[in-house]
Visitor: 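Take a look at the following structure, please.
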Protein chains: 2
Amino acid sequence: MNQVNLKRLAQELNLSIATVSRALQDSYEVSSQTKERVKALAAELNYEPNAYASSLRRNISKTIGVVVPEVNNHFFSLVINGIEEVAHQSGYHVLIYLTHDDYEREVAITQYLTGGRVDGLLMSVASESQKFAHLQKLYVSKPAIVFFDRVCEAIATANVTTNDYESGYLATRHLIEAGCRHIAYLLVSGNLSIGRIRMQGYQAALRDHGLPYDDTLVVSDDGDDERNTARIMDLLRRRPEVDGIFASVEHLAISSYHACHALGRAIPAEVKIIGFSNLGVAALLAPALTTITQPAYEMGKAAAQILLCAIEKKRAISPGQSLVLKSELFARRSTAS
Amino acid sequence: MNQVNLKRLAQELNLSIATVSRALQDSYEVSSQTKERVKALAAELNYEPNAYASSLRRNISKTIGVVVPEVNNHFFSLVINGIEEVAHQSGYHVLIYLTHDDYEREVAITQYLTGGRVDGLLMSVASESQKFAHLQKLYVSKPAIVFFDRVCEAIATANVTTNDYESGYLATRHLIEAGCRHIAYLLVSGNLSIGRIRMQGYQAALRDHGLPYDDTLVVSDDGDDERNTARIMDLLRRRPEVDGIFASVEHLAISSYHACHALGRAIPAEVKIIGFSNLGVAALLAPALTTITQPAYEMGKAAAQILLCAIEKKRAISPGQSLVLKSELFARRSTAS
DNA sequence: TTGTACGCGTTATCAC
DNA sequence: GTGATAACGCGTACAA
């Protein structure tokens, strides 16, 4: 391995470590002549500073952590893309942690992130997490956190979200205007803020249009696609009057398709479906899926910008910096009248 | 912030730093009594070791790097899932870097990865990369590298790939058996090994079935979905006899759908389409897409296992550890006769 | 302009 | 069992 470090460079050049270090940082107090010499040798030997020594010394790691439930998910992978874009521009590295919506796993992750491994954190909380003690602990030791999409309301930091209430309302109204009268709501798992808020929009739209809210038409995610499909089939069999489905998260919309196909219910003739989704091929589905699409990439960029700005300026992040971006409704065949 | 570190713990307990350190590592040469005391206080103060100090001292970071072209891609996100699963089990952290198939970016990334930030690296090379000097430099300073899918043949390490030649052959034969006689091949960008190998399978299948290979039926990726669709439309207009399309990568299959829709060519009646793809909703497309599906999750797990095993045992990785997994062909409506 | 010396927080090697 | 102490590689006050 024979690591090339400052000492090695200094020896070969007959200079002190300090001078070499300064030269490589373009310090103004080094003659341009020695700077050249140093840089030449550094390039020749392919010198790269040891990130750990540097981080330890400066108490800065130029690394941010991203904690998300899944990466194999259109929404989150787009967010990560946005985050990486901004991070890369600013010279930051990105550590990824997946919770798989598991509370224990989230606790473990937040625990070792208190070790100063990252300068800041972007996070979408696991849907199972109802207890926030671990997040509060983390927040105390490392206040540079920005939540996105699945926020933790108990912590006074910036959140980047979308207009979920409004989207829930519009999606439901869209179904009603397409003629639906018995609309099922597919709830994302746990006590998740986004699930609740979208559902409030759903309830408000029903009320405003004189339709009753019926909690037996609400199916909640159980974490497994097969079982979700079975639950939806169950609902459709038990309640044949259901003529509309509002999936508050992408995979539930997909499960709804499978359920309808399995039962031979025609979409959109018998059942109309709308879902939150960042699926790129939504328009190519049979039938094309009507979606509420969140600006995932932009959310990632925005959240990363807030975080990096705070880190660089060493300023605390305040709830006042929160951002609410707009989702967009793309009407397609799955809700055609 | 008031970081809690070993010194702080030692002071409060009237112990030496060394003892505290040993106690926290469950060293056998510490009385169980003091161990208890130390651990209790550590828990109370929410002590977490500083990862950078530890890494610096031990020359081990418990971190692996993953370099991929994109994360917003079903194949790579599944691979990352597999990697993260294995890494997490072994207590490793995962740094993600995206090249966006850009050579410059890959060079920059490999450059700072020589800085000892990671203990090992999993990599799928950027499609634009025709020069391997940067990878060889990296390999010299850090031999723990495993390539997956998009390998760099110039480097003598383990590769985890799929049976691309065979898959290319089978996909083409599948189209021929479905009645196709003029089969276009959509090539993934650059001089990528996988593109070439899959294409060799394509050519062999044509030959074995008495069909001529015609390089004007080969369209190569140009990095932008819109332009790819335009190129495919162009081909279909110029060569109306084309009755089959073999997309060597997912997004080209999607572009083929768009192209056919735009031109009003019926799939599969007029044009049959098969593509490499990990799209979860392939079966829900209009029409359902016939796919060659790589075991992406397993590839990620396998590659990570090879890497971590080598790291833990401090053994070099040899080409002999390479793995070739099998892809699977799922015949669906898009290639029905 | 350059060199000396210390400390970042840990771990490991000595002593006692 | 426990305590000093010396590294790991780097950055920076302070000297020269």
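Proteins get letters first, then strands, A, B, ... in listed order; numbering begins at 1 in each.
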Visitor: For Asn59(B), is the CG atom crowded, meaning more than 12 foreign heavy atoms sit under 6.0 Å from it?
Guide: no
Visitor: Nearest to the Arg22(A) side chain among dT12(D), dT2(D), dC10(D), which nucleotide is it?
Guide: dT12(D)
Visitor: What is the distance, to the nearest angstrom, from the NZ atom on Lys7(B) to the C1' atom on dT5(D)?
Guide: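 Distance check: Lys7(B) NZ to dT5(D) C1' gives 14 Å.
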Visitor: When the distance from CD1 of Ile60(A) to P of dC10(D) is rounded to whole Å, what number comes out?
Guide: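 One finds 17 Å between P of dC10(D) and CD1 of Ile60(A), rounded.
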Visitor: Between which nucleotides of DNA chain C, read 5' to 3', does contact with chain B run, using atoms under 4.0 Å from its heavy atoms?
Guide: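 Both ends considered, the range comes out as dG9(C) to dT13(C).
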Visitor: So, the side chain of Ser124(B) versus the backbone of Arg150(B): is there a donor-acceptor pair under 3.5 Å, distance only?
Guide: yes
Visitor: Dump the intermediate steps for ring-ring contact (aromatic ring centres under 6.0 Å, His included) on His93(A) and Tyr97(B), then the final yes or no.
Guide: CA-CA 8 Å; His93(A) 301 244; Tyr97(B) 299 95; 5.6 Å; yes
Visitor: Determine, for Asp119(B) against Lys62(B), whether the closest basic-nitrogen to carboxylate-oxygen distance falls under 4.0 angstrom.
Guide: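 Judged by the 4.0 Å cut-off on N to carboxylate O distance, Asp119(B) and Lys62(B) do not form a salt bridge.
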Visitor: Between Ser31(B) and dT2(D), is there a contact of a side-chain N or O with OP1 or OP2 at under 4.0 Å?
Guide: yes
Visitor: Take atom CD in Glu29(B); do more than 12 heavy atoms of anything else shown fall under 6.0 Å from it?
Guide: yes
Visitor: So what does Leu6(A) touch, heavy atoms closer than 4.0 Å: a base, only the sugar-phosphate, or nothing?
Guide: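 Sugar-phosphate contact only.
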Visitor: Using a heavy-atom cut-off of 4.0 Å across all strands, would you classify Ile17(A) as base, sugar-phosphate, or nothing?
Guide: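 Ile17(A): no heavy atom of the nucleic acid under 4.0 Å.
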Visitor: Taking for each residue the nucleotide of DNA chain D bearing the nearest heavy atom, is the 5' side occupied by Asn14(B) or by Ala18(A)?
Guide: Asn14(B)
Visitor: Using only atom types and a distance under 3.5 Å, with no angle test, would you say the side chain of Tyr297(A) pairs donor to acceptor with the backbone of Asn81(A)?
Guide: no
Visitor: Strictly below 4.0 Å, heavy-atom distances to any atom of DNA chain C: list the hits from residues 49-59 of chain A, or just say none.
Guide: Leu56(A), Arg57(A)
Visitor: Can you tell me the distance, in whole Å, between the CD atom of Glu29(A) and the C1' atom of dA16(D)?
Guide: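 So the two atoms are 14 Å apart, to the nearest Å.
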Visitor: Where do His74(B) and His74(A) land on the ring-ring contact (aromatic ring centres under 6.0 Å, His included) test, with the steps shown first?
Guide: CA-CA 9 Å; His74(B) 297 94; His74(A) 297 93; 4.7 Å; yes
Visitor: Classify the nucleic acid contact of Tyr47(A) as base, sugar-phosphate or nothing, counting any heavy atom under 4.0 Å across all strands shown.
Guide: sugar-phosphate
Visitor: May I have the step-by-step check of salt bridge (charged side-chain N to carboxylate O under 4.0 Å, His left out) for Arg105(A) and Glu84(B), ending in yes or no?
Guide: CA-CA 12 Å; Arg105(A) 213 146 158 168; Glu84(B) 210 271 346; 3.1 Å; yes
Visitor: Say whether, by atom type as modelled, one donor and one acceptor occur between the side chain of Ser55(A) and the main chain of Ala51(A) under 3.5 angstrom.
Guide: yes
Visitor: When you check the phosphate oxygens OP1 and OP2 of dG1(D), does a side-chain N or O of Thr19(B) lie under 4.0 Å from one of them?
Guide: no
